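Reading through the structure tokens given below for one structure.
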Amino acid sequence: MALTKTQFGYRRHSDQDRAGANITEHAVVVVGAGPIGLSLAIDLAQRGQAVVLLDDADRIGEGSRAICFSKRSLEFWDRLGIGQRMVDKGVVWSVGRIFHGDSQLYQFNLLPEEGHKRPAFINLQQFYAEAYLVDRVEELPEIDLRWCNKVTGLEPHNDHVALTIETPDGPYRLNAQYVIACDGARSSLRKMVGAEFAGQVFEDQFLIADVKMTAAFPTERWFWFDPPFHAGRSALLHKQPDDIWRIDLQLSRDADPAVEKRPENVRPRIARMLGHDKFDFEWISLYKFQCRRMNKFIHGRVIFAGDAAHQVSPFGARGANSGLEDAENLAWKLDRVLRGTSPEALLESYHIERSAAADENIRESTRSTDFMAPNSHQEARLRKAVLSLARETEFGKRMVNAGRLSTPSIYETPLSTADGDSWRSGPCPGASMPDAPVAGRSGEPMYLTAAFIGAGTGFTLLEFSNGVAPELPEEIATIRIGGKGGLADSAGLAARRYDAEPGTAYLLRPDGYVAARFRHPTRAALDAALARAAGHN
């Protein structure tokens with residue numbers, strides 16, 4: 001199915017007619033209309049914030065690029081009003097298979113249990129995700145999306161940032177209280193603030209080919225070590241919508257990118273893998289692994305997110321998904337700071353939480369790279385031994401690393417209140433809320449993640465009724481399970497996943513992470529936990 005619109009026209013804005021003391025000041029300017037910038041702008045707009053969104057191009061990005069979007073990302077997009085559209089178009093999967101040579105080592109299921117609204121992953125070309133996000137942006141009058149607006153200058157001040165923006169009509173200037181840089185791995189704003197990446201660039205090269213064909217392969221992630229069709233190296237196969245298949249092939253470090261990308265050179269490789277040449281190319285690209293991040297994600301009033309702040313290898317689907325986690329983490333904090341309901345210091349927790357998540361993703365990505373492309377004879381011998389053990393033992397299977405797939409980080413953060421009660425399981429403070437099936441007041445089936453959306457955009461108390469509801473601070477909404485007027489936990493999965501007893505309560509942050517949990521909360525305990533989570537302590 002073709003996209004209804006992929007190219008957008010430049011339009012002159014009244015800001016371009018202002019100069020000197022008449023320069024317009026905006027609360028938030030987001031730079032970069034990729035998945036991260038678009039999602040962040042939508043989240044802020046749904047909280048009532050006006051956002052200027054700038055992009056130097058006039059079209060949706062070409063090529064599939066990021067394709068694997070996680071359950072957590074889909075839950076975030078549900079809150080933005082577009083999750084179902086992504087799932088309807090995407091290819092749903094949860095099973096992966098690992099091969100060595102021509103035989104299977106093992107398979108895994110990323111979501112083996114029932115009772116979740118969203119699947120473990122969908123595969124969806126990035127251009128579809130961007131197009132659906134742009135459609136949502138156009139429904140929100142709070143967002144002013146300006147195509148062909150390239151930031152060429154940045155001047156930081158104590159209370160604002162002055163931007164110079166180049167357009168087809170020439171340059172203009174505007175001021176912003178905060179600038180969010182979502183302008184990708186080659187971020188020009190990162191250079192403008194004088195920040196560089198720290199980390200590692202790997203020399204191994206990988207070829208991406210998106211091919212269109214009719215095939216009977218199952219909807220699974222297939223990864224090969226040393227396959228017969230690509231001896232001595234690795235390969236990956238994923239299904240996308242529209243009968244498009246993503247194929248990644250490891251190349252030698254000294255391979256000439258210009259030569260390797262030629263279709264006449266790619267075709268024989270793919271034909272050997274598939275056993276036929278009845279396919280057409282949709283997109284061909286080469287990449288190298290990069291595992292790097294900025295030392296600080298916040299530079300005064302310029303805040304970095306997504307690939308502008310950190311980069312990882314694509315194996316493990318940690319790039320776009322971690323960027324979307326940046327967006328959901330930052331939006332509610334910036335909203336509260338702009339409203340004056342939290343101090344500006346709350347924004348520092350964005351760096352604390354998301355830089356630690358970036359470190360975790362970089363560690364996992366680096367380990368995957370070292371396993372898939374050993375740097376020494378010793379590493380190669382270790383991999384050979386692990387692959388041999390994986391044929392016979394469970395611990396050997398756990399040691400195989402073909403890209404550990406993205407999972408939400410657990411934050412060690414000053415916003416969390418430490419447990420004061422005993423817990424057998426359940427999400428700890430700093431963890432994201434697990435989903436579970438429940439039933440509404442009329443018996444209609446629903447999910448906790450949907451109830452969380454219905455509770456609003458602020459802090460929420462998830463409580464398991466014991467007949468006595470605690471007095472709540474005014475700004476906390478409530479999701480009640482059990483009792484008169486509460487949701488029904490007919491399958492018992494909500495209580496099980498939250499280790500809940502009558503009276504148990506979880507204080508959820510606006511991004512769906514646990515701020516605190518209690519066996520029997522008091523008003524004083526809730527006040528203290530809320531103050532800490534809102535950045536007042």
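Sequence positions, counted from 1, serve as the residue numbers for this chain. Remember, predicted model here, so these are calculated numbers, not experimental data.
For R11, the CZ atom counts as loosely surrounded, since its 6.0 Å shell holds 12 or fewer non-hydrogen atoms of other residues, nucleotides or ligands. For E114, the CD atom is loosely surrounded, since the number of other residues' heavy atoms within 6.0 Å does not exceed 12. Within 6.0 Å of the NZ atom in K278, the count of heavy atoms belonging to other residues, nucleotides or ligands does not exceed 12. The local environment of CD in E444 is crowded, with over 12 non-hydrogen atoms from other residues, nucleotides or ligands closer than 6.0 Å. Around the CZ atom of R186, the shell of radius 6.0 Å holds no more than 12 heavy atoms that belong to other residues, nucleotides or ligands. Around the NE2 atom of H276, the shell of radius 6.0 Å holds more than 12 heavy atoms that belong to other residues, nucleotides or ligands.
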For E113 and R496, run salt bridge (charged side-chain N to carboxylate O under 4.0 Å, His left out): C-alpha distance rounded to whole Å, both residues' side-chain angles, the deciding distance at 0.1 Å, then the answer.
CA-CA 13 Å; E113 59 182 9; R496 190 183 314 160; over 6 Å; no

Could you walk me through whether D277 and R267 pass salt bridge (charged side-chain N to carboxylate O under 4.0 Å, His left out), step by step?
CA-CA 7 Å; D277 64 355; R267 179 167 287 276; 5.1 Å; no

When you look at L237 and W224, which way does the side-chain contact (heavy atoms from CB on, under 4.5 Å) test go after all the steps?
CA-CA 9 Å; L237 177 69; W224 288 265; 3.8 Å; yes

Determine whether E360 and R367 satisfy the following criterion, salt bridge (charged side-chain N to carboxylate O under 4.0 Å, His left out), listing intermediate values before the conclusion.
CA-CA 11 Å; E360 178 185 344; R367 289 167 182 164; over 6 Å; no

Evaluation steps, side chain to side chain donor-acceptor pair (under 3.5 Å), between Q46 and R136:
CA-CA 11 Å; Q46 290 186 166; R136 178 65 179 137; 2.9 Å; yes

Report the C-alpha distance between E75 and K71 in whole Å, list the side-chain angles of each, state the deciding distance to 0.1 Å, and finish with yes or no for salt bridge (charged side-chain N to carboxylate O under 4.0 Å, His left out).
CA-CA 6 Å; E75 290 169 349; K71 179 177 183 289; 2.6 Å; yes

The test is side chain to side chain donor-acceptor pair (under 3.5 Å); show your working for Q84 and D78 and say whether it passes.
CA-CA 7 Å; Q84 190 60 49; D78 276 339; over 6 Å; no

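Pairing each heavy atom of F202 with each of C291, the nearest pair is CE1-SG, 3.7 Å. Closest approach of R79 to I453, counting heavy atoms only: CG-CG1, 3.6 Å. Among all heavy-atom pairs drawn from G90 and P241, the shortest one is CA-CG, 4.1 Å. Nearest approach of K212 to D242, heavy atoms of both residues: NZ-O, 2.7 Å. Of all heavy-atom pairs between L105 and K397, the closest is O-CE, 3.6 Å. N123 and C68 get closest at one heavy-atom pair: OD1-SG, 3.2 Å.
Side-chain contact check for D243 and T214: no donor-acceptor pair (N or O, by modelled atom type) lies under 3.5 Å. Donor-acceptor pairing under 3.5 Å is recorded for the side chains of D326 and H310. Donor-acceptor pairing under 3.5 Å is recorded for the side chains of Y411 and R354.
Between R72 and E325 there is no salt bridge, since none of the side-chain N atoms of the basic residue sits less than 4.0 Å from a carboxylate O of the acidic one. Look at D359 and R363 and you find no salt bridge, because none of the NZ, NE, NH1 or NH2 atoms lies under 4.0 Å from a carboxylate O. By the 4.0 Å N-to-carboxylate-O rule, R85 lies close enough to D135 to be salt-bridged with it. A salt bridge is absent between K333 and E328: the closest approach of a Lys/Arg side-chain nitrogen to an acidic carboxylate oxygen does not fall below 4.0 angstrom. Checked for salt-bridge contact, R293 and E196 miss the test: no charged N lies under 4.0 Å from a carboxylate O. The pair D58-R146 does not meet the salt-bridge criterion, since no charged nitrogen lies less than 4.0 angstrom from a carboxylate oxygen. Salt bridge annotation for K117-D435: absent, with no cationic side-chain nitrogen under 4.0 angstrom from a carboxylate oxygen.
Interatomic distance, CG of L251 versus CZ of R233, reported as 7.5 Å (0.5 Å rounding). Annotation: the span from H299 atom NE2 to M192 atom CE amounts to 14.0 Å, rounded to 0.5 Å. Note that NE2 of H100 and NZ of K384 are 8.5 Å apart. Values are rounded to the nearest 0.5 Å. Rounding to the nearest 0.5 Å places OG1 of T457 at 6.5 Å from CG of D335. Residue F69 holds its CZ atom at 11.0 Å from OG of S406, rounded to the nearest 0.5 Å. Remark: S388 OG to R383 CZ distance equals 13.0 Å, nearest 0.5 Å.
In this structure, Y287 has its ring center closer than 6.0 angstrom to the ring center of F206. Aromatic ring centres of W93 and H238: separated by under 6.0 Å. Aromatic ring centres of F279 and W245: separated by at least 6.0 Å. For F225 and F371, the ring centers sit closer than 6.0 Å to each other.
Side-chain contact between L80 and S39 is present, with heavy atoms from C-beta onward closer than 4.5 Å.
In this structure, R59 fails the cation-pi test against F8, since its NZ or CZ atom is not both closer than 6.0 Å to the six-membered ring centre and inside 45 degrees of the ring normal.
Without hydrogens or angle criteria, E282 side chain to I244 main chain gives no donor-acceptor distance under 3.5 Å. Under the 3.5 Å distance criterion, the side-chain polar atoms of H116 are left unmatched by any main-chain donor or acceptor of L111. Remark: the backbone N or O of D183 is not paired with any side-chain donor or acceptor of S187 at under 3.5 angstrom. With D226 contributing its side chain and G232 its backbone, the two residues share a donor-acceptor pair below 3.5 Å. Of the possible donor and acceptor atoms, none in the side chain of H351 sits under 3.5 Å from a partner among the backbone N and O of I298.
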